[in-house]
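Naming: A, B, ... by sequence-line order, numbering from 1 per chain.
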There are 2 protein chains.
Amino acid sequence: MAERRALERYPRPSVAVDAAVLTLDASGRSLLVLEVRRAESPGWALPGTFLHEGETLADAVRRALLDKAGVEGLAPRQLHVFDAPGRDDRGWVLSVAHVAVVRPEHLEGAFRDRTRLTPVDRPGRLPWDHADIIGLAVDDLRERYREKADPDGLLGDTFTLSELRHAHEAVSGRRILRDAFARGMLRRELIESTGEAAEGGRGRPAEMFRRT
Amino acid sequence: MAERRALERYPRPSVAVDAAVLTLDASGRSLLVLEVRRAESPGWALPGTFLHEGETLADAVRRALLDKAGVEGLAPRQLHVFDAPGRDDRGWVLSVAHVAVVRPEHLEGAFRDRTRLTPVDRPGRLPWDHADIIGLAVDDLRERYREKADPDGLLGDTFTLSELRHAHEAVSGRRILRDAFARGMLRRELIESTGEAAEGGRGRPAEMFRRT
DNA sequence: GTAATAGTGTCTATTAGACACTATTCG
DNA sequence: CGAATAGTGTCTAATAGACACTATTAC
């Protein structure tokens, strides 16, 4: 194929993917980001890999997370392509940043010795553009959570209004009023009651809700 | 450099850029997208090119627009990477979609015989993912215009409230109330009066405003 | 004058924010 | 019982939507 050969005469970049995988801490009130041990050098980084032929970017992100962190079942979304020439001293490398969200329970099977969770607002020292990626990831979630009830599933299918509000507070980084939040969610019909009651709390049992 | 050689042993994709360049029609009430004649085959497409080594994606978009449409001075923003294997029969090609906005006056120097402007809501038949790119471009503008006064400069530095409202109507695709729009813009201090008055209209001359 | 466009006063319905009160559970 | 958490009634301030009226120009 002549056209194909013509394309291949020009230099092409390597394409990498990196992902900020966000989850909630044990209190359900703070956002954490998953970091993995670097292979080449000491320290931590966001999970990433190089794109293989015949693979989508989302597939590459899923492969990186399975191989490097032992985490499955993510739905990564693209955020941005980092393209500065010279950003990677290994050569011409573009990196496509992604965000993905997991429930904390879903990280229980992760490789404990090779992964750690860091609060998004107190990031460690990360290589390349990884600190920027976390910022973009949080901004992306902030936009998505503004008009919907936990659209990315930090919580399970059912939850109390307090759990939902704490998740939204973690994402937005601001305090949210208890009564205005509950009324807003119900008025806009973003959630509906399951009829069940929560168990194990200290005070009056909360009603359980699901997304509509 | 051993690492560099290691990277180059794996297949790498060609990386293309495509841009939806949006502007206003003569009435200032409809969004148009710039299309260029295809080089390889008859018909029209969004302007695009292949990324060269040592160049950023935004630079590649600017080069494509200068070469193919004769348009300068754009600030393209990334929208999405189209990555489906097999989307381009010339080989393994990723395409990074961009959006850019220009004032209509700025297109006067464009190559007339090689370019045309099409309403975004009545797109022609376009190759690859170009119809999707226009949709993403309009969605991106819609989000950006929700909280600001013409942030991307469809209008010049000064404008009347009617011009601004028509631009926002073109972007949002909805009718906007004259009085609520004016009060909202002024209350939120997104614009301020220049003290000047518009010329050439039919009725009472409008006040000119600028972005704050 | 009329037609056209711009600017603004005012009423109402909706909503967020604030506060307070009641409800239900544990220990 | 008190402590803790959940749910809701109600007041107020801010805001969008709707309508109407006035203002200023061209003709």
What's the spacing between [X] [atom1] and [Y] [atom2] if we round to 0.5 Å?
X        : Y        : atom1 : atom2 : value
B:Ile133 : B:Leu126 : CD1   : CG    : 9.0 Å
B:Leu31  : B:Asp121 : CG    : CG    : 8.0 Å
A:Ile191 : A:Phe209 : CD1   : CZ    : 5.0 Å

Next on the checklist: B:Trp44: which residues meet the side-chain contact (heavy atoms from CB on, under 4.5 Å) condition with it, sequence neighbours left out?
Outcome noted: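 With sequence neighbours excluded, B:Trp44 shows a side-chain contact (heavy atoms from CB on, under 4.5 Å) to B:Glu35, B:Arg37, B:Arg116, given in chain and number order.
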Checklist entry - What pairs meet the salt bridge (Lys or Arg N to Asp or Glu O under 4.0 Å) rule with one or both residues in residues 55-79 of chain A, with sequence neighbours excluded? => result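 Every pair satisfying salt bridge (Lys or Arg N to Asp or Glu O under 4.0 Å) with a residue in residues 55-79 of chain A: A:Glu55-A:Arg63, A:Asp59-A:Arg62, A:Arg77-A:Asp140, A:Arg77-A:Asp152.
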Next on the checklist: Filter on salt bridge (Lys or Arg N to Asp or Glu O under 4.0 Å), then keep only pairs touching residues 154-171 of chain B, sequence neighbours left out; what's left?
Outcome noted: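 Sorted result for residues 154-171 of chain B: B:Arg165-B:Glu169.
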Does [X] use its side chain to pair, donor to acceptor, with the backbone of [Y] at less than 3.5 Å?
X       : Y       : value
B:Thr49 : B:Ala60 : no
B:Arg12 : A:Arg12 : yes
A:Glu53 : B:Trp92 : no

Checklist entry - Is there side-chain contact between B:Ile134 and B:Leu46, with at least one heavy-atom pair below 4.5 Å? => result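 A side-chain contact exists here, since the closest heavy-atom pair is under 4.5 Å.
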Item to check | ring pair (Phe, Tyr, Trp, His ring centres under 6.0 Å) contacts in which one or both residues fall within residues 53-87 of chain A, not counting sequence neighbours | outcome: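 As it turns out, the ring pair (Phe, Tyr, Trp, His ring centres under 6.0 Å) pairs with a partner in residues 53-87 of chain A, which skip direct neighbours, are A:His80-A:Phe82.
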Next on the checklist: Once ring pair (Phe, Tyr, Trp, His ring centres under 6.0 Å) is applied, what residue pairs with a partner in residues 132-159 of chain B remain, sequence neighbours excluded?
Outcome noted: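 Residue pairs passing ring pair (Phe, Tyr, Trp, His ring centres under 6.0 Å), neighbours aside: B:Tyr145-B:His168.
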Item to check | Qualifying side-chain hydrogen bond (donor to acceptor under 3.5 Å, both in side chains) pairs, either residue in residues 199-212 of chain A, two or more places apart | outcome: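 Every pair satisfying side-chain hydrogen bond (donor to acceptor under 3.5 Å, both in side chains) with a residue in residues 199-212 of chain A: A:Asp150-A:Arg211, A:Glu192-A:Arg210, A:Ser193-A:Glu207.
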Checklist entry - Of all residues at least two apart in sequence or in a different chain, which pass the ring pair (Phe, Tyr, Trp, His ring centres under 6.0 Å) check with A:His166? => result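 Ring pair (Phe, Tyr, Trp, His ring centres under 6.0 Å) check on A:His166 returns nothing, list empty.
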Next on the checklist: What residues from residues 183-193 of chain A pass a heavy-atom cutoff of under 4.0 Å to DNA chain D?
Outcome noted: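 A:Arg183, in order of number.
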Checklist entry - What residues in residues 160-176 of chain B put a non-hydrogen atom under 4.0 Å from any atom of DNA chain D? => result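 Contacts with DNA chain D under 4.0 Å: none.
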Next on the checklist: Out of the candidates B:Asp18, B:Asp88, B:Asp83, only one should pair with B:Ser95 under the side-chain hydrogen bond (donor to acceptor under 3.5 Å, both in side chains) rule; please name it.
Outcome noted: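 The option that passes is B:Asp18.
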Item to check | First and last nucleotide of DNA chain C, 5' to 3', lying under 4.0 Å from heavy atoms of chain A | outcome: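 Range of nucleotides within reach of chain A: C:dT15 to C:dC26.
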Checklist entry - Bend angle of the helix from C:dG1-D:dC27 to C:dG27-D:dC1 from five-pair axes at both ends, rounded to 10°? => result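 The two end axes of the helix from C:dG1-D:dC27 to C:dG27-D:dC1 meet at 0°.
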Checklist entry - In residues 202-212 of chain A, what residues come within less than 4.0 Å of DNA chain C, judged by heavy atoms? => result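 Heavy-atom cutoff 4.0 Å gives A:Arg202, A:Gly203, A:Arg204, A:Pro205.
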